[in-house]
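Bear in mind that the values here come from a model prediction, so they are computed numbers and not experimental data. Order of listing sets the numbers, starting from 1, for every ligand and every atom in it.
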Amino acid sequence: MVETPSWTSEFKQSFKNLKDLYQFLEWPMLEELEAVALSYPIFVPRSLALKIKLEGPEGILAREFLPHKAELEEKLNQEGLADPIGDKTFFKAPQLIHRYASRALFTPTTICPVHCRYCFRKNELNGNEELFQQDFLETLSYLRSHPEISEIIFTGGDPLTLSNEKLEKYLKAFAEIKSIKDIRLHTRYPVILPERIDQDLLAVLNLASEHFRTVSLAVHANHAKEFDETNKTAIKALSQSKIQLLSQTVLLKGVNDNPQDLLELFDLFIEMKVRPYYLHHPDRVKGGMHFYLPLEEGRKLYQGLRNLLPGWAIPHYVIDIPGGHGKVTAYNPETTTFSGQLISKNGTAIDLQEPDFFV
Ligand SMILES: *Cc1c(COP(=O)(O)O)cnc(C)c1O
Ligand code: SF4
């Protein structure tokens, strides 16, 4: 955490040009990456580039944030979708995705502090920042006429790309609608550009926490290697504010698809007082299929994790069913017809013999 709002200069100095980035890394740049970056531009803040450099070209961070030739491999990406989660049809008002009755996603920006190579929106980002901006009154009027919406979830892009002033303006507008009780922000800034967690932001969030039942911030991180003293300090400052900290992780092949790395990450969340919330099965995104792994494998990993973590620290393992069918739990049998079999801890399927009085 820093005292002055210097995050915008950090943001502006990020690498957007492949040659500059590789010059900084001092690694030979494969020519084929130019075509990759043309389809899927890079965006890497300098402090992150340094961490990538220190970890090396085969490291976890290089895999998450540097372009890879697999992004353009046609065969690999055959099963990939441009819009894997299909939530566009649920835009019910400007910047507002209303899909589940009680909560709505608010997308005030398409800009992120980094371009994650696995991003589910990688085929649609870099859009028009000011898109719909002028119609915010229409969004408010939709919310007023839908009092069943009790939570607004800021997403994007990354909502902390907004200035503190703009964020405060939106929060104040939502606070005037009595049916809105909870606010959530999903963000990668605390980990990627921790300078963003400045005193003014903490003040805005603390003030908001007096006007809403809960204000939560879901920190997006996928590996313990993403952390250092700087971002841990920023997250500590958030944990000492009045808001609730949640976690959000994407399961990714070659990044965190083993029990040790997941355990280390979730241990770290616990240590930072971030409450584990989501473990997302990777989306089948075009250009990101090299991160995909079968559901079967994810379920096994999750089962392993459940044995390693205390119950209150177990995230929900969820999957967005391709084709716009929505987000469901990927582990719990409630998403399939209950087969009557239970799986024991050692993996044996057991037919549940109901006591006589149940049949
Ligand atoms: C994930 C999601 C939400 C929030 O769901 P929670 O279960 O409250 O985390 C809301 N709307 C959409 C469209 C979503 O994908
Ligand atoms: S922060 Fe989220 S929305 Fe932004 S690039 Fe990464 S995965 Fe995509």
With no hydrogens and no angle check, is any side-chain donor or acceptor of [X] less than 3.5 Å from a backbone partner on [Y]?
X	Y	value
K242	E210	no
N77	E74	no
H98	L143	no
N256	V250	yes
T155	H186	no

message: Please report whether the ring centroid of F43 lies less than 6.0 Å from that of F11.
response: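 Yes: the rings meet the under 6.0 Å criterion.
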
- prompt: Any nitrogen or oxygen of R184, main chain or side chain, under 3.5 Å from a nitrogen or oxygen of ligand 1?
  reply: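 Checking ligand 1 against R184, an N or O pair does fall under 3.5 Å apart.
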
task: Could you tell me whether K327 and ligand 1 have an N or O pair separated by under 3.5 Å?
output: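 The answer is yes, given that K327 and ligand 1 share an N or O pair closer than 3.5 Å.
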
- request: Could you tell me which atoms of ligand 2, counted from 1 in the order shown, lie closer than 4.0 angstrom to a heavy atom of C112?
  value: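 Checking each atom against C112, I get 1 (S), 3 (S), 4 (Fe), 5 (S).
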
message: So for D87, does at least one of its heavy atoms come nearer than 4.0 angstrom to any atom of ligand 1?
response: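 Under 4.0 Å: no for D87.
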
- prompt: Looking only at heavy atoms of F90, does any of them come nearer than 4.0 Å to an atom of ligand 1?
  reply: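 Heavy atoms of F90 never come under 4.0 Å of ligand 1.
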
All ring-ring contact (aromatic ring centres under 6.0 Å, His included) counterparts of H290, not counting sequence neighbours: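 Counting only residues at least two positions away or on another chain, H290 forms a ring-ring contact (aromatic ring centres under 6.0 Å, His included) with H68.
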
query: How would you list, by chain and number, every residue that makes a ring-ring contact (aromatic ring centres under 6.0 Å, His included) with F174, sequence neighbours excluded?
result: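 F106, F136, F154.
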
Check each atom of ligand 1 against the heavy atoms of [X] and keep those under 4.0 Å away; list them by number with element.
X	answer
Y278	5 (O), 6 (P), 7 (O), 9 (O)
R99	13 (C)
Y277	6 (P), 7 (O), 8 (O), 9 (O)

message: Regarding K53 and E26, does a basic nitrogen lie under 4.0 Å from an acidic carboxylate oxygen?
response: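 Looking at K53 and E26, the cut-off is met.
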
- prompt: Of the backbone atoms (N, CA, C, O) and the side-chain heavy atoms from C-beta on, which set of V114 has a member under 4.0 Å from an atom of ligand 2: side chain, backbone, both, or neither?
  reply: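 V114 to ligand 2: backbone contact only, side chain stays beyond 4.0 Å.
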
- prompt: Counting only heavy atoms, which portion of C116 has something under 4.0 Å from ligand 2: side chain, backbone, both, or neither?
  reply: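 Both the backbone and the side chain of C116 come within reach of ligand 2.
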
Quick test: of every protein heavy atom, which one is nearest to [atom], and how far off is it to 0.1 Å?
atom	value
atom 5 (O) of ligand 1	R103 NE, 3.5 Å
atom 4 (C) of ligand 1	I153 CD1, 3.4 Å
atom 12 (C) of ligand 1	Y100 CE1, 3.4 Å

- request: Look at the N, O or S atoms of H115, main chain and side chain alike, and state whether any lies under 2.8 Å from atom 8 (Fe) of ligand 2.
  value: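 H115 does not place any N, O or S atom closer than 2.8 Å to atom 8 (Fe) of ligand 2.
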
- request: Going by heavy-atom distance to atom 7 (S) of ligand 2, choose the closest among R188, H280, H220.
  value: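 The residue whose heavy atom sits nearest atom 7 (S) of ligand 2 is H220.
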
- request: Measure up the F266 and F269 rings against each other and bin them: parallel (under 30°), tilted (30 to 60°), perpendicular (over 60°).
  value: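 The rings of F266 and F269 stand perpendicular, inter-plane angle above 60°.
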
